[in-house]
Amino acid sequence: NAGVTQTPKFRVLKTGQSMTLLCAQDMNHEYMYWYRQDPGMGLRLIHYSVGEGTTAKGEVPDGYNVSRLKKQNFLLGLESAAPSQTSVYFCASSYLSGGAYNEQFFGPGTRLTVL
Amino acid sequence: QQQVKQSPQSLIVQKGGISIINCAYENTAFDYFPWYQQFPGKGPALLIAIRPDVSEKKEGRFTISFNKSAKQFSLHIMDSQPGDSATYFCAARMNSGYSTLTFGKGTMLLVSP
């Protein structure tokens, strides 16, 4: 049981390049999330998904796109990377809420630098 | 617009002391208040959580105190240990719509030996 995994762990991009971050979970969770973490800014939600084939915008969605073609995978895309997107990106997943505590399980993160 | 305000930004406590981190919120629609712990180079992990119908929840050395009328909640770490050195995030969840969490900005705790 690997939990939540993220690929890659590190990446350096040049301004204008594109890339896709992959998140995978093996806990059969309905909900999946992408956050970015910047010093002094906490965790900010980029996009999230409440089930296969669905996505929704979070607090800071601009410059990112996501897809959830399979329940266990959640992809985060940067079409044209900018230095402002230098950050540590975390994926998380959780069970459907329904009154439960809705614990989010986080992956180990991807450190992205855009030059 | 920051919906969950966390303080302090950083905290140094001696081993055996009490660490206290505070959070305040304004939206009364929040119905679940978790704390997450993050060690360097790792993803955050749920530490302890509380619902607003109780004023305190304790798990081992970790206690959440919740003041609904003041819209504040705090994390107390008793007998703090060097292994508690980490970044702590408070968060809050809305009780309607989809259950996304709004996080505070985090507190970096250092417990000195």
Side-chain angles (χ1 to χ4, degrees), chain A residues 2-6 9-10 21 23-25 27 29-51 54-61 66 68 87-111, chain B residues 1-11 21-25 27 29-54 57 59 64 66 86-108:
Chain A
V4 179
T5 58
Q6 294 183 232
K9 288 184 168 49
F10 303 93
L21 282 67
C23 176
Q25 52 95 4
M27 295 174 282
H29 285 166
E30 291 290 339
Y31 284 49
M32 295 188 75
Y33 315 82
W34 275 108
Y35 294 92
R36 61 178 289 173
Q37 182 176 20
D38 303 290
M41 298 297 291
L43 292 157
R44 293 182 292 171
L45 183 64
I46 304 171
H47 285 280
Y48 65 100
S49 168
V50 300
T54 72
T55 63
K57 293 180 181 179
E59 179 187 355
V60 289
V66 288
R68 183 107 180 261
S87 187
V88 180
Y89 291 86
F90 286 100
C91 176
S93 68
S94 68
Y95 286 109
L96 202 59
S97 176
Y101 271 24
N102 194 43
E103 176 180 357
Q104 292 189 15
F105 294 82
F106 283 79
T110 294
R111 184 172 294 275
Chain B
Q1 179 186 359
Q2 185 187 356
Q3 297 191 55
V4 179
K5 294 185 178 181
Q6 182 171 348
S7 61
Q9 277 189 312
S10 62
L11 181 62
I21 304 171
N22 300 299
C23 283
Y25 64 97
N27 194 332
F30 289 138
D31 72 341
Y32 165 63
F33 302 87
W35 285 88
Y36 280 77
Q37 180 188 54
Q38 183 183 31
F39 293 107
K42 306 291 186 183
L46 180 66
L47 180 64
I48 187 172
I50 196 168
R51 286 185 175 268
D53 52 350
V54 297
K57 182 173 182 180
E59 290 184 1
I64 301 178
F66 189 84
T87 298
Y88 293 81
F89 294 97
C90 63
R93 183 191 73 178
M94 290 279 251
N95 64 1
S96 61
Y98 298 116
S99 297
T100 60
L101 292 176
T102 299
F103 285 87
K105 293 189 174 183
T107 296
M108 192 176 299

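When reading the values below, keep in mind they use all heavy atoms of this one structure, side chains included, and skip hydrogens, waters and symmetry mates. Worth saying up front: this structure is predicted, and the values here are computed from it rather than measured.
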Visitor: So which part of A/L45 gets closer than 4.5 Å to some heavy atom of chain B, the side chain, the backbone, both or neither?
Guide: side chain
Visitor: Look at atom CZ of A/R111 and say whether more than 12 heavy atoms of other residues, nucleotides or ligands are closer to it than 6.0 Å.
Guide: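 Atom CZ in A/R111 is not crowded, with 12 or fewer foreign heavy atoms closer than 6.0 Å.
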Visitor: Side chains of B/L101 and A/Y48: does their closest heavy-atom pair fall under 4.5 Å?
Guide: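 Side chain of B/L101 against side chain of A/Y48, heavy atoms only: no contact under 4.5 Å found.
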Visitor: Just wondering, more than 12 heavy atoms not from B/E59 lying within 6.0 Å of its CD?
Guide: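 Result for CD/B/E59: enclosed.
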Visitor: For the atom pair CD (A/Q104) and CZ (B/F103), what is the distance rounded to the nearest 0.5 Å?
Guide: 5.5 Å
Visitor: With a 4.5 Å cut-off on heavy-atom pairs, point out which of B/G106, B/A91, B/P44, B/G43 contacts chain A the most.
Guide: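 Among the listed options, the one with the most contacts to chain A is B/P44.
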Visitor: For A/K57, enumerate each residue passing the side-chain contact (heavy atoms from CB on, under 4.5 Å) test, keeping only those at least two apart in sequence or located in another chain.
Guide: A/H47, A/P61
Visitor: CD of A/E59 to OG1 of B/T102: how many Å apart, nearest 0.5 Å?
Guide: 7.0 Å
Visitor: Can you list everything that forms a side-chain contact (heavy atoms from CB on, under 4.5 Å) with B/A24? Sequence neighbours excluded, please.
Guide: B/Q72
Visitor: If I measure from the heavy atoms of chain B, does A/Y35 come under 4.5 Å with its side chain, its backbone, both, or neither?
Guide: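 The side chain, not the backbone.
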Visitor: Please look at B/P34 and chain A and tell me whether the side chain, the backbone, both or neither of the residue comes under 4.5 angstrom of a heavy atom of that chain.
Guide: neither
Visitor: To the nearest 0.5 Å, tell me how far A/F106 CZ sits from B/L46 CG.
Guide: 9.5 Å
Visitor: If I measure from the heavy atoms of chain B, does A/Q37 come under 4.5 Å with its side chain, its backbone, both, or neither?
Guide: side chain
